[in-house]
Amino acid sequence: MRVFIYTDLDQSLQDELRAKLPVESDLTFKSNLSESEIHHAFKSAEVILGNPPPSWFKEPLPSLKFWQIDSAGFNQYQHIKLDSLIANMGDLFSQDCAETIIGGILAFYRGINHLIRFQIDKEWKAPMIRPSMESLGDKRVLILGSGTIGLAVRRALAGFGCQIKTTARNNPIADFHSFKETIKALPETDLVINTLPGAADHYVSKIFIDAMRQGSVYANIGRGNTTDEDALIAGLESGKLAGAVLDVTEKEPLPADNPLWGMKNVILTQHTGGSGKEEVIGRVERFISNFYQFIRNERIDDRIELQAGY
């Protein structure tokens, strides 16, 4: 079986794939090819690991049987129609994403973002910052989405004693299943945490932000396009929102002239939520697991439907 590895892997991980995949697998690695050879390998592959440019999929791919996307999000590919099986990385990044967004939220409520600035400037301003500090534990939290990241955030927040509600389109474990129900809950919510996929374009709209409680906080560990960024900035500038913790933004890298850079009530974690020193190893191991499910005609745990968005 012809397997094309678009993901850049060092020699040790290339060797691991060769050792762990079936001996009859014909592995080709992008990092070992010229530009012309890369495109040929892509078009002739039966299995692909990685995230090639969406434009490449405009051509027919009659040989492709299984595509392993090496990220959790895949909204850039939602317009693509393929007959092959497709999987993403499932819950691989969920725990790290949960820790990142909760770390940012804690930093906001405990004033750590300001204290770091004071440290850089060698200014002792503890008396000034102490009255503004808040506790995460007494917050009423609404988590948008009940997927792997949303559930990981919920588990972590439960340990702080937060009052937690969740949303979902169909998942019965969620508290709210419609936009109308969610909007109705916002005036009684202190903290909104967005874990939505890219299919929920501008779900957090001006209508949504206008419905939020005065002085509440917004956090996003989902996808940047799920938030109307102009409406969010307006809410932050007006004081409607006390602050925001954003791992993702509508445009990445965030343009230098974007107002979010200069807002002292905003924490930007620059889409590092799912990152870690073992990240690439985890991607390879997840691919190996899904590959064997594929060749055994077993149910692929991380199978997705591009057009559905999940």
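Position 1 is the first residue of the sequence; numbering continues from there.
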Is the backbone of R2 close enough, under 3.5 Å, to the side chain of D26 for a donor and an acceptor to pair up by distance?
no
Can a salt bridge be assigned to the pair D301 and R299 using a cut-off of 4.0 Å between side-chain N and carboxylate O?
yes
Main-chain N/O of E250 paired to E229 side chain as donor or acceptor, under 3.5 Å
yes
Is the Y203-F179 ring centre distance short of 6.0 angstrom?
yes
R286 bridged to D302 by N-O distance under 4.0 Å:
yes
For V248 and R223, which heavy atoms make the closest approach, and how far apart are they?
CG2-C, 3.6 Å
Ring centers of F42, F57 separated by less than 6.0 Å
yes
Sub-6.0 Å ring centroid separation between W67 and Y77
yes
Close side-chain approach of T28 and E37, heavy atoms under 4.5 Å
no
Indicate yes or no: does R283 engage D70 in a salt bridge with an N to O separation below 4.0 Å.
yes
Classify the angle between the aromatic ring planes of W56 and H39 as parallel (below 30°), tilted (30 to 60°) or perpendicular (above 60°).
perpendicular
Does this structure show an ion pair linking E188 with R213, if we count only N-O contacts that are shorter than 4.0 Å?
no
